[in-house]
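It should be emphasised that the depicted structure is a prediction, and the values quoted were computed from it without experimental measurement.
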Amino acid sequence: MSESLIERRISPQGFTIKVDIRTLTFSVYTPKGLKENYPGLNTADLAVQRVVFLGDSFHLEHFITGELSFVNSKDSKMNIPYLYGGAKEQNTISLPCYTYADITPVILHHYKTAKEIIQIAQSNQLSFKCIIAEETNKSEIVNLKIRFPQTNIFIIKRKQA
């Protein structure tokens, strides 16, 4: 592994996260320098997760979509902040991740239609988690689930006033 293609981050709690930019895999080292073990997984490195937000209502101002980002995590759940609808209050969605570190690498995408996701994901053989606005057409959701059966889909509903 060439060092120039490794993104290295040290978390506030002292974990070291090394991301191989070429393969988009990462490994985590504890504050004592030991490589983190992933129970139940037969891999030395983990794939950087991709999270797709689908719908006009989402705003991801804190991120450059399509680029490697680091989000806070706790208890093996990554916490992704977003704005929804016209709300000025930031929301957070917690999604499972395999690491115990306090930050996790992720690549976030934002698309207006399922058709955009299908074109990109099929051409690049991507696997992803999908966060969907409640106003998304049900047939688009079904189409995504049929084409990508392993995809976890989460539907976000507006808070009632």
Side-chain angles (χ1 to χ4, degrees), residues 4-31 36 38 45-137 140-141 144-145 148 150-161:
S4 64
L5 296 174
I6 301 294
E7 171 104 16
R8 184 173 171 260
R9 269 304 150 94
I10 298 176
S11 78
Q13 290 183 0
F15 287 89
T16 301
I17 292 88
K18 293 182 180 179
V19 180
D20 185 328
I21 301 300
R22 291 174 303 160
T23 60
L24 289 176
T25 57
F26 71 100
S27 51
V28 177
Y29 296 85
T30 67
E36 191 176 64
Y38 311 113
D45 295 323
L46 297 171
V48 173
Q49 292 192 55
R50 292 178 183 271
V51 177
V52 173
F53 285 81
L54 173 61
D56 284 330
S57 299
F58 292 109
H59 303 282
L60 303 170
E61 277 109 22
H62 299 354
F63 302 100
I64 300 173
T65 57
E67 298 288 326
L68 181 67
S69 298
F70 289 85
V71 295
N72 292 331
S73 57
K74 183 178 181 181
D75 299 327
S76 295
K77 290 188 185 278
M78 62 178 147
N79 301 305
I80 303 171
Y82 65 93
L83 294 174
Y84 185 63
K88 291 177 176 42
E89 184 180 314
Q90 180 175 289
N91 295 301
T92 302
I93 187 163
S94 295
L95 301 172
C97 64
Y98 294 109
T99 179
Y100 296 108
D102 53 325
I103 61 172
T104 302
V106 64
I107 297 175
L108 301 174
H109 300 274
H110 182 216
Y111 298 108
K112 308 284 187 213
T113 67
K115 185 177 180 182
E116 293 174 280
I117 296 172
I118 291 166
Q119 289 173 341
I120 291 167
Q122 283 184 326
S123 64
N124 294 314
Q125 304 280 317
L126 299 181
S127 133
F128 56 92
K129 289 178 171 42
C130 194
I131 315 303
I132 299 177
E134 70 176 329
E135 67 270 6
T136 303
N137 185 316
E140 286 190 15
I141 297 170
L144 279 173
K145 196 60 181 169
F148 309 104
Q150 275 74 25
T151 296
N152 293 324
I153 294 178
F154 304 88
I155 299 173
I156 302 295
K157 298 186 182 238
R158 292 186 196 277
K159 290 181 182 176
Q160 300 298 323

So, do [X] and [Y] sit near enough that their side-chain heavy atoms are less than 4.5 Å apart?
X: P31; Y: F15; value: yes
X: L24; Y: R50; value: yes
X: N152; Y: L95; value: no
X: I132; Y: I156; value: no
X: F70; Y: E7; value: yes
X: P96; Y: K129; value: yes
X: Y82; Y: L108; value: no
X: S76; Y: Y100; value: yes

At their closest point, which heavy atom of [X] faces which heavy atom of [Y], and how far apart are they?
X: L60; Y: P81; answer: CD2-O, 4.2 Å
X: P12; Y: I103; answer: CD-CG2, 4.3 Å
X: A133; Y: F58; answer: N-CE1, 3.3 Å
X: T113; Y: E116; answer: N-OE1, 2.9 Å
X: L68; Y: I107; answer: CA-CG1, 4.1 Å
X: T151; Y: K145; answer: O-NZ, 2.5 Å

Short side-chain to backbone donor-acceptor contact, [X] and [Y], under 3.5 Å:
X: T16; Y: R8; value: no
X: E140; Y: A114; value: yes
X: E135; Y: G55; value: no
X: D102; Y: Q13; value: yes

State the [atom1]-[atom2] distance between [X] and [Y], to the nearest 0.5 angstrom.
X: I6; Y: S27; atom1: CD1; atom2: OG; value: 7.5 Å
X: I131; Y: F154; atom1: CD1; atom2: CZ; value: 5.5 Å
X: K77; Y: I93; atom1: NZ; atom2: CD1; value: 10.0 Å
X: S69; Y: H62; atom1: OG; atom2: NE2; value: 11.5 Å
X: I141; Y: L54; atom1: CD1; atom2: CG; value: 7.5 Å
X: F26; Y: L46; atom1: CZ; atom2: CG; value: 4.5 Å

Requested in this report: Examine K18 relative to Y29 and say whether NZ or CZ is less than 6.0 Å from the centre of the six-membered ring and inside a 45° cone about the ring axis.
Outcome: yes
Requested in this report: Would you sort out whether V51 and M78 count as a side chain to side chain contact (heavy atoms under 4.5 Å, CB included), showing the intermediate values?
Outcome: CA-CA 11 Å; V51 177; M78 62 178 147; 4.1 Å; yes
**Report entry** Heavy-atom neighbours of K112 NZ exceed 12 at 6.0 Å
**Finding:** yes
Requested in this report: Could you give me the CA-CA distance, side-chain angles and deciding distance for L144 and I117, then say whether side chain to side chain contact (heavy atoms under 4.5 Å, CB included) is met?
Outcome: CA-CA 8 Å; L144 279 173; I117 296 172; 4.0 Å; yes
Query raised in the report: In a check of side chain to side chain contact (heavy atoms under 4.5 Å, CB included) between V71 and each of V106, N79, T92, which one passes?
Result: V106
**Report entry** Ring-ring centroid check F128 F148, cutoff 6.0 Å
**Finding:** yes
